[in-house]
Structures are given as C-alpha cells and as structure tokens.
Amino acid sequence: MMDEPQPTDICRVCRCEATSDKPLFHPCICTGSIKWIHQECLTQWMRYSHKEYCELCRYRFTFMPIYDENMPRHLPIRDIIAGLLNIVMTALKYWLHYTVVAGAWLGVVPIVACRIFSCLFALSVDSILTLPFDLFSIKNLAADMFQGSFIVTCTLFAFIGLVWLREQILHGGGPEWLEAEDIADQEPVGRPAEQAAGDRMDEAENNNHPAAQFEDHRQDQPAIDDHNNWNPVEWDRAEELTWERLLGLDGSLIFLEHVFWVVSLNTLFILVFAFFPYNIGSLFLMAFDLKEYAKASRFEGLVTTLCGYIVSSCCLVIMHAVTSVTRLSKISRILGLSYIVVKVSLLLVIEIGALPLICGWWLDICSLPVFNATIRDREASFNVAPGTSMFIHWLIGMVFVYYFASFVLMLREVLRPGVLWFLRNLNDPDFSPIQEMIHLSMYKHIRRLMASCVIFGMVVMLILYVPSRILKAIWPSFLPYVITSHTESVNELSLELLLLQVIMPALLEQHYIRQWVRATIRVWCLTVAWCLDLKSYLLGDGAQNNDEPGAAAAANAENVALAAGLGAAHQALLQRGGPTGFQPYVRPKWFAARIGALLAIICLTTVASSLVVLTLPVYVGRKVMNVWPSLLLSKPVPTVHELYTASAGMYVLWLVARIVATMISWLPKGKMVVLRRITKMSVSTLKAMFAVIWLIGVIPFLFGLLIELVIVVPLRVPLDQTPVIWTWLDWGLGLLYMKISCALLMMGPDWRIKRAVERTFRNGFQRMNLKFTVKEVIVPVVSTLALLLAFPYAIAHGVVPVFVKSFRLRNLIARRIYPFLLLLAVLISGISFGGRQSIRWYEHIRNDKYLVGRKLVNYNHKTTSHQSESPAAVAAATNEL
C-alpha cells in the first residue's frame with residue numbers, strides 16, 4: 001500500500017493526477033513530489049532527451065514487454081527464417097548503399113580529379129579527346145586514387161581558404177585603395193571634385209555628434225547587410241542539409257548530386273589555381289629563357305606555378321589601374337579582389353613555406369662544422385632525395401621559428417612593454433596576420449620579410465656557427481658530433497623511436513624549465529641594466545617610480561621625440577594602451593652608446609650560452625654512457641649516437657638542477673623542515689622507483705616479448721632457425737606498444753583498468769598511491785601478461801614432449817603455439833559474439849511479430865537488480881513466466 005499513488009500525487013512532467021487509462025509509476029529512486037510520472041510522459045521525454053536513465057538519481061528506467069496472448073513458447077522455424085531473411089536483406093541494402101557512397105567519395109571523386117589533372121597538364125589534343133575513355137579506365141587505380149585524394153584535399157583547402165578570406169574582408173574591410181575607389185564610385189558623376197571633398201568634410205564634421213553617428217549607422221546598416229547576405233542559394237534548403245545527407249549516409253541518393261558538384265568544383269579549382277598559373281609561368285620562363293634554371297631546381301612544376309602567380313599578380317595590378325582610370329567600377333573591384341586573393345596566397349606560401357625552408361637550410365649550413373661536413377655532402381644528399389631533403393629542412397626551420405617565437409613571448413613577460421617594438425606580438429588581441437596581408441602593401445611585406453631573414457640569420461650564426469668555430473679552436477677533440485653508431489640498425493631505430501616518443505616529451509613537458517629560463521632572463525636583465533644604467537629602458541621601474549613632475553614631463557617629451565623617429569609599427573605601439581602597448585621610460589645620457597653596448601652584450605651572452613648548451617649536455621652524456629656500461633658489462637662500449645648522449649646529459653643536468661633548486665627553496669625554512677622533507681622525498685622517491693621498475697621496466701618488457709613471440713618470430717624466423725631475443729629491443733618496442741595501448745585504452749569504454757590507469761596518470765609519481773597502483777594496475781597487468789607467456793610455454797615444453805617424440809613436430813608446436821592460441825582466442829570471441837548476436841536477432845524477430853506494447857516497471861526498494869538488467873533480459877524473464 002505504500003507504493004500506491006495517493007489522490008494528491010501528480011506527474012512530475014505534466015503535473016496531472018493518475019487516471020484509469022493513465023496510471024502513475026515510480027520508475028527510479030527519486031522520492032517526494034518528483035517520484036511519480038506517467039508512462040507516456042516518460043517515453044516522450046526519453047525520445048527528446050535521448051537518455052534512458054533519470055537525470056537526478058542516474059537510475060536506468062526498465063520496461064517490461066507485453067506480448068500477444070497467442071505467442072508460442074518457441075518461434076516456428078518459418079518465422080525465424082523469414083525474420084533472418086528480412087534482416088539479411090536490410091543489411092545487404094545498407095551494405096550496398098554504403099559501398100556506393102564509399103566508392104563515390106573515395107574512388108570516383110579522387111580518380112576523376114587525378115585524371116582531369118593529368119589531362120589538362122598533358123597539353124595535347126589527344127589527351128582531351130581520350131579523356132572520356134581515361135575516366136573509365138582501370139589502369140593504375142591505386143596510384144590515381146592516392147594522387148587524386150591529394151588533389152581533392154588541396155582544392156578543399158583552397159575553397160575553405162577563399163571562404164575564410166571573404167569573411168576576413170567582410171569583417172575587417174579591404175585595403176585602403178579598394179575602399180577609396182568604392183567611395184569615389186559612389187559619388188555622383190559630373191560633380192566637381194572640390195565640391196565632393198567639401199561635402200565629405202561637412203559630413204565628417206556632422207558625424208562627430210553621437211546622434212548623427214547612430215542615425216547614419218541605422219540607415220546604412222540594412223543596405224550593407226542586404227548586400228553581404230545576398231546569396232542565390234535557397235537557404236531554407238541549406239538549413240536541412242546535414243553531414244549525413246551531404247555524404248549520403250542517410251540512405252538517400254541525393255549525395256550523387258553533391259558528388260557531381262564536387263567534381264565540377266575540383267575541375268574549376270584545378271583550372272583556376274593550377275592550370276592557368278602554370279601555363280602563365282611557363283610562358284614567362286620561356287620568354288626570358290629561364291626554363292633551364294627552373295629544371296635545375298628539381299621542382300620545376302612548383303617553381304613555374306609560383307612564377308605564374310607572380311606574373312598574374314602583376315597583370316592584375318596593371319589591369320586594375322587601367323579599369324580604375326576608365327571608371328569601370330565593377331570590373332575594377334573584381335580585379336582588385338582577385339589581386340588580394342593572389343597576394344594573400346603568395347604571402348602565405350612565403351611565410352609558411354619559404355621562410356622556414358630558408359631558416360632550415362641556413363641552420364644546416366651553419367652547423368656544418370659541428371658534424372665535420374661540407375656543402376658538397378649536403379648537395380649530394382639533396383640530389384639523392386630532393387623532396388625528402390626539402391621537407392626535413394622545412395621541418396627544422398619550422399621548429400626553429402616556433403621556439404624563437406616562444407622565446408620572444410618569454411622575453412615580453414620580463415621586459416618593459418615596447419622594448420621589442422620591432423617584433424610582432426603574437427599575444428596581442430589586435431594582431432591578425434591575415435588582416436595585415438590584406439591591408440599592408442607588398443613593399444612593406446617584402447621589407448618585413450627581409451628584416452625577419454636578417455634577424456633569423458644573425459641568431460643562427462650566433463647560436464651555431466660562431467660557437468662551433470670557437471669550440472673547434474679551444475677544444476679540437478670535442479667535435480665533431482658522432483651521428484653514426486656501430487650497433488644494429490633495428491636497435492638504433494627502436495632507441496630513436498623510444499627517445500623521440502617517450503623520453504624527450506617527458507623532459508620537455510617539465511614546467512620548471514620554463515620558470516628557470518624566465519628567472520635567468522630576469523637576473524641577466526637586472527645585471528645588465530645595473531651595469532649600463534638601463535633599468536628604466538629594459539624593465540620600466542625607473543619610469544614608474546619617478547614622481548617628479550619635471551622629470552616626468554622631460555621623459556614624456558623624450559618619448560614623443562622618440563616616437564617621431566620610429567617607424568609606423570612603433571608609432572602604432574605608442575598609440576595603443578594596455579599591457580601590450582608602450583610604457584614610458586627615462587633615457588640616460590649617451591643613450592645610443594649604451595644601446596650599442598647592450599647589443600654587444602646580447603651577442604656575447606648568446607654565444608656563451610650556446611657554447612654551454614653545445615658542450616655541457618653532450619660531455620656529461622658521454623661520461624654517463626661510457627661509465628655505467630663499463631661498470632655493468634665490465635667492457636668498454638663503442639661510440640654511440642650523440643642524440644643519446646645529449647639526452648642522457650640533459651636528464652642528468654635537469655635532475656641536478658632540480659635537486660639544487662629544491663634544496664635552495666628548503667634551506668630558509670630551517671634544518672628540521674629540511675630533514676623532514678628530505679625523509680618524505682626519499683620515501684616518495686623509493687615508491688616512485690618501485691613503480692617505475694614495474695610500470696616502465698617489467699610491463700613493457702613482458703608486452704614487447706609477447707608481441708615478439710606472437711607476431712614477429714612466426715613471420716620473420718623460419719622453423720629451421722633459432723630465434724634470438726633482444727632484451728633491450730623488446731623493452732624499447734614494448735614501451736612504445738604500451739604507450740599506444742594506453743592511448744587506445746583511454747579512448748575505449750569505461751572499465752576497471754581504464755579508471756585505475758587514469759587515476760595513476762593523474763596522481764603522477766610524486767602523489768602516487770602505491771598500494772592502489774600495485775593492486776589495481778601492476779598485479780592484474782603483470783599476472784595477465786605472465787600467464788599469456790607462461791601457459792603456452794608450459795604446454796609446449798612440459799606437456800607436448802610427454803606425448804610427442806618427433807623433434808620436428810615438437811619444434812613446430814613450440815614455435816606456432818603462441819599464434820595458434822591467439823587465433824583460438826579470436827575464434828572463441830567470434831563465436832561468443834555470434835551467439836549473442838543470434839540471441840538479439842531471435843528477440844528482434846519475436847518482438848517484430850508478437851510485441852504489442854511495453855509497460856513501465858516500478859522501482860523496488862528491496863532490490864536494485866533491475867538496474868543491471870537489460871530490457872532484453874527482462875523480456876526473456878517475462879516470457880518464461
């Protein structure tokens with residue numbers, strides 16, 4: 001009687017009482033006024049919320065199926081066969097549809113794009129005539145599909161770039177010369193220029209009043225919005241377009257129309273952005289007899305296309321000037337926008353492609369003394385693989401530019417705002433590189449590019465070339481760096497992967513390094529500012545603490561004079577307020593000489609710091625790599641790769657610096673506190689070492705050994721040869737396998753091991769709960785891996801010799817038992833999955849034929865077993881009753 005609804009109880013959704021045809025249910029743990037609900041209200045809420053549990057108590061709702069009274073205890077074979085045929089036909093229908101979708105997007109579109117591209121660039125009439133037959137040819141399908149995918153990707157990025165550039169022009173406006181032409185075109189024809197200019201000045205004076213500004217904005221806004229938002233596409237139809245409908249995953253064939261438009265757009269983009277520029281550039285190179293130089297670059301197509309873009313931009317500028325004079329406003333605006341597109345494209349290629357490539361090559365040239373190499377060696381490697389060489393140098397240049405920008409951002413955190421006025425502030429909210437590419441002239445961009453090349457070139461020489469020359473002069477035996485090893489190539493590859501994927505990321509993710517570098521920069525600035533009396537200029541303290549009105553006025557006057565002599569970029573910084581703007585400072589006497597001395601000290605400090613970075617980690621790493629193998633193996637080891645010595649030295653130096661910094665921070669707190677923290681740190685270190693031995697040592701080794709026995713040995717080692725197990729190789733590869741497995745585990749479903757691993761990673765080694773880690777992570781994983789390794793070995797070498805006397809057969813069983821058990825496990829899993837799927841199909845067929853409804857099940861406070869039962873299990877139990 002306690003579960004019966006009272007007359008005052010109401011539904012928590014519709015707020016109505018129970019009726020004879022709509023009773024109230026309490027399907028979850030919630031009590032009070034939200035306990036009761038109608039079944040119809042709950043099903044409607046579940047349909048819109050897409051949730052099968054209560055949002056408050058998280059209890060899963062349970063429905064009891066109601067079957068027809070005439071339903072037999074077991075389904076007839078005829079119904080099962082009919083239901084299976086229906087399921088198979090439905091699956092076949094979806095399979096055929098998805099196959100057509102995949103073939104259209106992954107096969108037809110790339111192949112058509114590739115063959116149209118080849119036809120256009122063949123530059124022959126025969127290729128155009130045979131294009132319809134080439135489109136249906138089955139030759140080189142895989143290669144054309146791969147190349148076509150690259151072409152489709154490029155056209156897609158070009159389309160997205162055009163849309164983004166249009167949005168940038170709409171929001172930020174076009175360049176001044178284009179906006180000025182639009183204003184001039186809006187003036188009535190026949191009006192004198194002086195009268196138009198006077199009217200604009202009067203209008204500007206009147207617009208200074210806020211009411212006038214608001215009124216003009218209100219009057220002009222609808223026209224601007226109508227002009228920008230006009231589009232011939234039916235937007236009502238576009239709102240219904242989803243990704244499923246666009247790609248054809250909704251089951252309809254409308255995607256064939258989208259495939260046609262994509263192929264057409266690909267062809268149009270190939271013509272506009274590849275074919276025409278390439279032919280224009282080819283004509284230009286042939287006219288000036290520069291074709292041989294383009295061929296000598298090994299990238300003839302790319303160089304020719306870039307020349308075509310440059311020539312096209314010059315032609316667009318000339319045609320735009322002619323149409324502007326002849327008052328052809330629409331044509332002039334189209335040509336101007338086309339010039340902006342070509343200009344931004346060229347600038348992006350220069351900023352993202354050319355500048356990092358130049359930096360990469362300059363880094364390689366300046367580092368030749370470090371590796372005892374010559375220009376001829378680099379030329380030979382480039383001739384062997386020009387594409388790979390260019391990509392590697394571009395990647396090195398990108399890394400250098402990234403770390404240079406990061407260092408500049410770190411300098412801005414320490415120095416006075418305005419010191420680095422000649423460098424762009426990437427953290428400035430007003431900084432927009434695309435807007436600068438649109439508005440600034442090509443002359444300013446070229447001047448900025450040359451300034452960047454000079455700065456990067458000087459920095460590279462100071463950090464590589466000059467230190468290497470000094471090092472060869474004062475310590476000839478230290479260089480060159482050894483970049484070859486006498487070990488096995490497979491071991492070398494595995495160790496490099498281990499270093500780049502595991503060790504170096506763990507070192508670079510330490511936030512203490514950034515803090516130490518920032519503190520070092522501040523100490524250096526304070527020291528140099530004290531020596532040169534430039535504290536106000538570098539750090540800004542003198543200008544802020546100066547309270548004398550006369551001195552403040554003099555400082556402001558000097559700042560105004562200084563602003564007059566700087567460039568436009570610096571004047572913009574002076575006019576901008578906030579933390580990223582310009583902060584006043586006091587100029588001492590002989591300011592120019594002091595700045596010169598500051599630049600000289602910066603160069604000397606850069607060279608000295610680079611000498612320390614080039615020598616100290618490698619020296620310490622060489623000592624470590626030469627000492628500990630000799631102690632463990634009692635024999636000297638051959639020379640190893642400097643990548644490993646530098647990494648080992650960096651780790652040792654980081655560990656020493658971390659210990660010293662920790663001790664310095666503890667010393668002012670007293671001896672007892674230091675002893676207590678040392679004891680606590682020692683305990684934490686022992687716990688971390690114990691966990692590292694198992695998590696980084698034992699588990700990766702077992703994992704790598706299991707992969708070796710299951711996959712590598714059966715595939716690579718014949719039966720008449722004995723496999724050799726490399727311990728270090730298996731451990732290194734096992735560490736990489738474990739990293740990949742952890743990533744897949746984090747992306748998988750929620751279960752016990754995933755929660756334990758997440759908690760272990762979240763706590764780290766310093767706050768590790770060793771008991772939890774051992775119980776939830778180490779013991780299950782190690783026991784599972786050990787069982788997978790020991791059980792087949794015990795069968796092959798303990799049980800099989802008792803029954804099998806043939807040595808060949810025993811060897812075959814011992815070598816193939818690991819993959820055999822793997823296949824057996826996969827087969828059992830497949831059979832189990834098939835059994836569960838058959839039960840689901842059986843229930844689906846029964847529900848389609850005999851299910852008449854579902855009834856909501858009330859929550860039983862005496863047991864919570866319904867929460868873990870699925871609706872299928874409840875249906876089966878109800879059917880048995």
Beyond-backbone contact of [X] with [Y], side-chain heavy atoms, under 4.5 angstrom:
X    : Y    : value
L347 : L449 : no
I521 : F407 : yes
R298 : N383 : yes
L423 : I455 : yes
Q168 : Q435 : yes
V419 : Y537 : yes
E379 : T374 : no
R448 : L440 : yes

Rounded to the nearest 0.5 Å, how far apart are [atom1] of [X] and [atom2] of [Y]?
X    : Y    : atom1 : atom2 : answer
L141 : I111 : CG    : CD1   : 5.0 Å
L368 : L464 : CG    : CG    : 10.0 Å
L337 : H320 : CG    : NE2   : 8.5 Å
L306 : S345 : CG    : OG    : 10.5 Å
I438 : S432 : CD1   : OG    : 7.5 Å
M461 : M458 : CE    : CE    : 7.0 Å

Check this for me: [X], atom [atom1], are more than 12 non-hydrogen atoms of other residues, nucleotides or ligands nearer than 6.0 Å?
X    : atom1 : answer
M390 : CE    : yes
F159 : CZ    : no
F255 : CZ    : yes
M410 : CE    : yes

Heavy-atom pair with the smallest gap, counting every atom of [X] and [Y]:
X    : Y    : result
S149 : P110 : N-CB, 3.6 Å
G308 : S312 : O-OG, 2.7 Å
C119 : L131 : CB-CD1, 3.8 Å
P356 : E351 : CD-O, 3.3 Å
H171 : E167 : ND1-O, 2.7 Å
F269 : L162 : CE2-CD1, 3.7 Å

- By salt bridge (charged side-chain N to carboxylate O under 4.0 Å, His left out), R115 pairs with (sequence neighbours left out) D144
- Task: Applying salt bridge (charged side-chain N to carboxylate O under 4.0 Å, His left out), name anything that partners E413, two or more places apart in sequence or on another chain.
- Result: R514, R518
- Would I334 and S338 count as a side-chain contact (heavy atoms from CB on, under 4.5 Å) if you check the C-alpha gap in whole Å, the side-chain angles of each, and the deciding distance to 0.1 Å? CA-CA 6 Å; I334 293 174; S338 302; 4.3 Å; yes
- Item | Intermediate values then yes/no, side-chain contact (heavy atoms from CB on, under 4.5 Å), I396 and D364 | CA-CA 9 Å; I396 294 173; D364 194 5; over 6 Å; no
- Message: Keeping S610 on the side-chain end and T606 on the backbone end, is there a donor-acceptor pair under 3.5 Å?
- Response: no
- Item | Check: I365 main-chain N/O paired with R378 side-chain donor or acceptor under 3.5 Å | no
Got a list of side-chain donor-acceptor pairs under 3.5 Å for residues 271-290, not counting sequence neighbours?
| unit_1 | atom_1 | unit_2 | atom_2 | d |
| --- | --- | --- | --- | --- |
| N279 | ND2 | F275 | O | 2.6 |
| S282 | OG | K291 | NZ | 3.1 |

- Mind checking what makes side chain to side chain donor-acceptor pair (under 3.5 Å) contact with T130, not counting sequence neighbours? D134
- Task: Just grab all the ring-ring contact (aromatic ring centres under 6.0 Å, His included) pairs involving residues 327-370, residues at least two apart or on different chains.
- Result: W361-H393
- Message: Can you pull out every side-chain hydrogen bond (donor to acceptor under 3.5 Å, both in side chains) where at least one residue sits in residues 153-165? Sequence neighbours excluded, please.
- Response: T155-N266
- Full working for side-chain contact (heavy atoms from CB on, under 4.5 Å) between M437 and L348: CA-CA 9 Å; M437 292 179 184; L348 286 175; 3.7 Å; yes
- Over 60° means perpendicular and under 30° means parallel, so classify the ring planes of F456 and F404, tilted if in between. perpendicular
